[in-house]
Visitor: 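Below is one structure. I have some questions about it.
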Amino acid sequence: MIAAFTLGMVGTAAAADIDGQWARGDGNAKVRIGPCGSDICAINTWIKPGTPSEKEGDKLVMSIKPASKGTYAGTAFDPQRDLTYKLTVTVDGDRMTTKGCVVVGLLCKGVEWMRIN
């Protein structure tokens, strides 16, 4: 998964919680999350050399809506792999967890993120 996401339309106030720069917990990627048209995009801004199947500039287009305080749910489209994921994003201050699932929710992966400046 691209740095792991999926989103739809989110109001500006809600989107502010996830907008910004994030570093993946394994230290292999950094992304910038922000509006792109009516959706939200996560774009790889840095990939650790040698990290397979990811590169700077890869984008994940998310169509998500607030589900509860700090949690968003919806879908994400990865144009590099032509895959759509069911996505849940949970934001708690400077920490974020993304969980993307494919194959009718049978294959899921969770990723931890930390907000960076």
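Values below: all heavy atoms of this structure, side chains included; hydrogens, waters and symmetry mates excluded. Just so you know, these numbers come straight off a predicted model, no measurement behind them.
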Visitor: Indicate whether the side chain of Thr98 and that of Trp113 have a donor and an acceptor atom separated by less than 3.5 Å.
Guide: yes
Visitor: Please examine the side chains of Trp22 and Ile33, heavy atoms only from C-beta on, and report whether any two atoms are closer than 4.5 Å.
Guide: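 Yes - at least one pair of side-chain heavy atoms lies under 4.5 Å apart.
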Visitor: Taking all atoms of both residues into account, what is the closest heavy-atom pair of Arg115 and Gly20, and its distance?
Guide: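 In this case the closest contact between Arg115 and Gly20 is NH1-CA, 4.5 Å.
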Visitor: Does the distance from a Lys or Arg side-chain N to an Asp or Glu carboxylate O, for Asp92 and Arg95, drop under 4.0 Å?
Guide: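 Result for this pair is no, no salt bridge flagged.
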Visitor: Tell me whether Val91 shares a hydrophobic cluster with Ile40, the cluster being built from Ile, Leu, Val, Met, Phe, Trp, Tyr side chains joined at under 4.5 Å.
Guide: yes
Visitor: Shared ILVMFWY cluster between Met114 and Ile18, side chains joined below 4.5 angstrom?
Guide: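 No, Met114 does not connect to Ile18 through the hydrophobic network.
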Visitor: Going through the distances and angles, do Leu60 and Phe77 end up as a side-chain contact (heavy atoms from CB on, under 4.5 Å)?
Guide: CA-CA 6 Å; Leu60 187 69; Phe77 176 65; 5.9 Å; no
Visitor: If the test is side-chain contact (heavy atoms from CB on, under 4.5 Å), which one of Ile43, Asp19, Asn44 qualifies with Arg32?
Guide: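 When side-chain contact (heavy atoms from CB on, under 4.5 Å) is applied between Arg32 and each of Ile43, Asp19, Asn44, only Ile43 qualifies.
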Visitor: Write down the atom of Gln21, the atom of Thr45, and the distance for their closest heavy-atom approach.
Guide: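 In this case the closest contact between Gln21 and Thr45 is OE1-OG1, 3.9 Å.
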Visitor: Could Arg24 and Glu54 be called an ion pair, given the rule that one side-chain N must be under 4.0 Å from one carboxylate O?
Guide: yes
Visitor: Could you grab the distance from atom OG of Ser53 to atom CD of Gln80, nearest 0.5 Å is fine?
Guide: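 Between Ser53 OG and Gln80 CD, I get 11.0 Å after rounding to 0.5 Å.
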Visitor: Check the hydrophobic clustering (I, L, V, M, F, W, Y; side-chain heavy atoms under 4.5 Å; chains of links allowed) and say if Leu83 and Val89 are grouped together.
Guide: yes
Visitor: Check step by step if side-chain contact (heavy atoms from CB on, under 4.5 Å) holds for Thr88 and Thr71.
Guide: CA-CA 7 Å; Thr88 303; Thr71 302; 3.9 Å; yes
